[in-house]
Amino acid sequence: MPLVAPTRLDDLVQALAASAFDATFGVSLPAAEFSIQKTRREFAGDRTVVCFPLARHSKAAPDATAEQLGTAMVEAPGPITGFNVVKGFLNLEIAPDYWSEWLMGEAAQDGYGTRPEGTAPHIMVEYSSPNTNKPLHLGHLRNNFLGHSISRILSARGHRVTKVQIINDRGIHICKSMVAWRKFGGGETPETSGLKGDKLVGKYYVAFDQAFKAEVKELVDGGMPQEDAEKQAPILLEAQDALRLWEQGDTDTVNLWKTMNGWVYGGFDVTYATMGVEFDKLYYESDTYLIGKDRVLEGVASGVFDQREDGSVWVDLTGDGLDEKLLLRKDGTAVYMTQDIGTALLRFKDFNDLDRQVYTVGNEQEYHFKVLFLVLAKLGFQQAERCHHLSYGMVELPEGKMKSREGTVVDADDLMEEMFSIARDIAAEAGKLEGLDENAQQEVFQRVGLSALKYFLLKVDPKKNMMFDPKASIDFYGNTGPFILFNYVRGRSVLRKMEAEGIAMPTGDITTPSPDEMEVIGLLHDLPDVIAEAADTYNPSLVANWCYDLTKAYSSYYQDHSILGADDAATRGLRLVLTERFTRALKTGMHLLGIALPERM
RNA sequence: GACUCUGUAGCUCAACUGGAUAGAGCAUCUCACUACGGAUGAGAAGGUUGAGGGUUCGAAUCCUUCCAGGGUCGCCA
């Protein structure tokens, strides 16, 4: 590793504990045996060693063990200046100098908490991956924000990250929109209708469904069983016909397909830009769905997969605790799995240094990805064991699930617009944006509104289902994105005033921190560990919660202490440094969530 | 039915991976400030962590049996 991270306090304390324990009790234990944690607020000290597990090795009671270990650790060279023991917990006091030096050292570095990109292996992150027959909704927002955020988190851990999506651009769903548009559209386009392209195509998807239902009803009324009617409705047959023509490369069909997908991409681009997410490379199912087929057939030849008498191809995963899984239909056509195998192959070919792929896809597909990774391993991809399905739960509405047919979907564009509009109203009331031109104001509304939405969706553990109540709407007060933004803006405002008054940011003399300041400093100090854990567990909510905890601590501190009005220069210096480190670390954390911070709001 | 995830305050969510008295926000009540930016801060109240049993110094967390909910289970993507 070319880049050596500075020794973290917990590692240092752990090492000190291990050597002190050895010196005191004559037992050499690995450093990892010593459990170090932050001392709880209600006790004196900064770090705590849990001594219960050590008693076995010291052959003394936990309290006595803690006493002796504490004494030895204070005597040893290092930053530990005192200790107290409470019921087997050894609370260590760290020299206040340690913290002021840390504030002026590690915490002052550019990119504190992050590693330079390219110092860790190349990872591909897939997210969004929409169908092209309808607009993006609330569920897509969770998906996009998660994928985008984990990309940035991995990149902050030094990984080179390539962000991609697979666009589900072929299949019966888009053919339905095409058929309906041809029948009922009258040549309507996004330009003539004034509708966003994805909204227009979505409209015809709905129109198809209505026409289909009407036809089914008519057939049933004429005496046909429901099941048969649903298979024989003329408009459905038309859509299936369109799919066949598409696969045969029929010019008219392919051209219409290209046109309508083009409309959708135009609409999606607008939505992605508003969301503030982007991609490095796009993959299209229409390009990849045949690739997997060849590899599967090769697999048959080499005996990895089995072909049955009817011609269908299967993989036997019973040895891995799963079932047998279909890879090719008996007519030789590809299934979903075949296509995902093809896409994965293509990606490993496009980027030969790829260490793994991360798929941001809903938790209903957990089984699918388990199978996919096993199949990739069987095909000889060592990367397979590091591939990860970033699985997330549904966003539920109070009435239950979102159902497009029942009109209970929350549209992504509409929701974002609503957030912006709320931000505008609140800002108008606060009146802090006077003097900014309309564009600059709009930029602020967007950042504030988007922060509310992103933070709301990212602060929850991805694997959990979460509740979204459109009536209660998303809050702008309390544990929210705008609260975090507000404190950032306030801190920045103080720093601007500092400059305006000609006060220099201290480079040396600052007082040692008080317990109030230690609340903030302790959280600042956690940042690298938080990023590491978020990356290891693919969990942006850890970063979101850290941002909030830090902000709350600073906000509380801010309330009780005047920064520029401090009694003496050294105290003011510490407070200014604290404010500067706070705004910068917070900016880093929020960036990892894909949230951009305004300077005013 | 099998597998899997979830269940924490009225509601929405945390809990440093087995640690000390389970914490925040919203809602309710009370209070504070010459506002360095009040989209604020402090406090009160609110809990048998779905239920029972087990493991041990110690359990929301691990094991187990139930209960409730979500998801998946060979030719949709």
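B:U12 and B:A27 have their P atoms separated by 15 Å, given to the nearest Å. For the P atom pair drawn from B:G18 and B:A77, the interatomic distance equals 41 Å after rounding to whole Å. Across B:U4 and B:C62, the matching P atoms stand 14 Å from one another, rounded to whole Å. When the C1' atom is compared between B:A22 and B:U17, the two are found 15 Å apart, to the nearest whole Å. Nucleotides B:G43 and B:G23, compared at atom C1', are 16 Å apart to the nearest Å. Nucleotides B:A59 and B:C13 place their P atoms 28 Å apart, quoted to the nearest Å. Separating the P atom of B:G47 from that of B:U8 is a span of 15 Å, rounded to the nearest Å. Separation of the P atoms belonging to B:A68 and B:A51 is 15 Å when rounded to the nearest angstrom.
With respect to A:R244 and A:D241, a salt bridge is recorded, a charged nitrogen being found less than 4.0 Å from a carboxylate O. Salt-bridge annotation for A:E443 and A:R447: present, with a side-chain N of the basic residue lying under 4.0 Å from a carboxylate O of the acidic one.
Under the 30°/60° scheme for interplanar angles, the aromatic rings of A:Y554 and A:F582 are found to lie parallel. In this structure, A:Y336 and A:H368 have parallel ring planes: the angle between them is below the 30° cut-off, well short of the 60° mark.
Contact annotation for A:Y336: base contact, defined as any heavy-atom pair under 4.0 Å involving a base atom. Residue A:T48 is in base contact, counting any heavy-atom pair closer than 4.0 Å across all strands shown. Using a 4.0 Å heavy-atom criterion, one finds that A:V530 contacts no nucleic acid atom at all. Contact annotation for A:E501: no contact, since no heavy-atom pair falls under 4.0 Å across all strands. When heavy atoms are screened at a 4.0 angstrom cut-off, A:S312 is found touching no nucleic acid atom at all. As judged by a 4.0 angstrom heavy-atom cut-off over every strand, A:Q365 is placed among the base-contacting residues. A:K432 comes within 4.0 angstrom of a nucleotide base, judged by non-hydrogen atoms across all strands. The residue A:P53 sits close to a base: some heavy atom pair falls under 4.0 Å. Among the atoms of the strands shown, none is found under 4.0 Å from any heavy atom of A:D63.
The aromatic ring of A:F52 sits over the base of B:G19, with ring centres less than 5.5 Å apart and planes inclined by under 30°. Between A:F89 and B:G19, no base-stacking contact is recorded for ring centres under 5.5 Å apart and planes less than 30° from parallel. For B:A24, the base is not stacked against the aromatic ring of A:Y548, per a cut-off of 5.5 Å between centres and 30° between planes.
Checked by atom type, the side-chain pair A:S555/A:R490 shows a donor-acceptor distance below 3.5 Å.
Among the nucleotides B:A77, B:G37, B:U72, the one closest to any side-chain atom of A:N168 is B:A77. Residue A:V335 places its side chain closer to B:A77 than to any other of B:A77, B:C36, B:A39. When distances run from any side-chain atom of A:T39 to the nucleotides B:A39, B:A20, B:U72, the shortest one goes to B:A20. Listed candidates were B:G37, B:A77, B:A20. Nearest to the side chain of A:Q339 is B:A77. Here the side chain of A:K463 is nearest to one of B:G74, B:C5, B:C36, namely B:C5. Out of B:G37, B:C75, B:A77, the shortest distance to the side chain of A:E285 is found at B:A77. The side chain of A:Y477 has B:A39 as its nearest neighbour among B:A39, B:G37, B:G70. Here B:A20 is the nucleotide among B:A20, B:G38, B:G41 with the atom lying nearest to any side-chain atom of A:V86. Of the candidates B:C36, B:G74, B:C75, B:C36 carries the atom nearest the A:I563 side chain, counting heavy atoms from C-beta on.
One interatomic measurement links the two molecules: CG of A:L433 to C1' of B:G37, which rounds to 11 Å at whole-angstrom precision. A:Q307 has its CD atom 21 Å from the P atom of B:G74, to the nearest Å. One atom, CD of A:E366, and another, P of B:U6, lie 10 Å apart when rounded to the nearest Å.
The environment of A:E429 atom CD is sparse: at most 12 non-hydrogen atoms of other residues, nucleotides or ligands sit within 6.0 angstrom. Around CD of A:E42, the count of heavy atoms belonging to other residues, nucleotides or ligands within 6.0 Å exceeds 12. Counting non-hydrogen atoms of neighbouring residues, nucleotides and ligands closer than 6.0 angstrom, the NZ atom of A:K587 reaches no more than 12 such neighbours.
The side chain of A:K552 places an N or O atom within less than 4.0 Å of a non-bridging phosphate oxygen (OP1 or OP2) of B:G25. In terms of phosphate contacts, A:K134 brings no side-chain nitrogen or oxygen within less than 4.0 Å of OP1 or OP2 of B:A77. Phosphate contact (OP1/OP2 of B:C36, side-chain N/O of A:R492, threshold under 4.0 Å): absent. Look at A:S555 and you won't find any side-chain N or O under 4.0 angstrom from OP1 or OP2 of B:U40. Contact check, A:R575 against B:C36: no side-chain N or O comes under 4.0 Å of OP1 or OP2.
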Enumerate the protein-to-nucleotides 10-17 of chain B contacts in which both atoms are nitrogen or oxygen and the separation is below 3.5 Å.
| residue | atom | partner | partner atom | Å |
| --- | --- | --- | --- | --- |
| B:C13 | OP1 | A:M467 | N | 2.7 |
| B:A14 | OP1 | A:D461 | N | 2.6 |
| B:A14 | OP2 | A:K464 | NZ | 3.0 |
| B:U17 | N3 | A:E533 | OE2 | 3.0 |
| B:U17 | O4 | A:E533 | OE2 | 2.2 |

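Counting atom types as modelled, A:N91 pairs a side-chain N or O with a base atom of B:A20 as donor and acceptor under 3.5 Å.
The side-chain heavy atoms of A:Y557 and A:L578, taken from C-beta on, include a pair separated by under 4.5 Å.
Take A:N545 and apply the side chain to side chain donor-acceptor pair (under 3.5 Å) test, not counting sequence neighbours, and it matches no residue. Listed by chain and residue number, nothing satisfies the side-chain contact (heavy atoms from CB on, under 4.5 Å) test with A:Q559 (two or more places apart in sequence, or in another chain). The side-chain contact (heavy atoms from CB on, under 4.5 Å) test applied to A:R41 returns A:E519, not counting sequence neighbours. Applying the side chain to side chain donor-acceptor pair (under 3.5 Å) test to A:D46 and every residue at least two apart in sequence or in another chain returns nothing.
In RNA chain B, consecutive stretches of 3 or more Watson-Crick or G-U wobble pairs with both distances under 3.5 Å are given as paired ranges: B:1-7 with B:67-73, B:10-13 with B:23-26, B:28-32 with B:40-44, B:50-54 with B:62-66.
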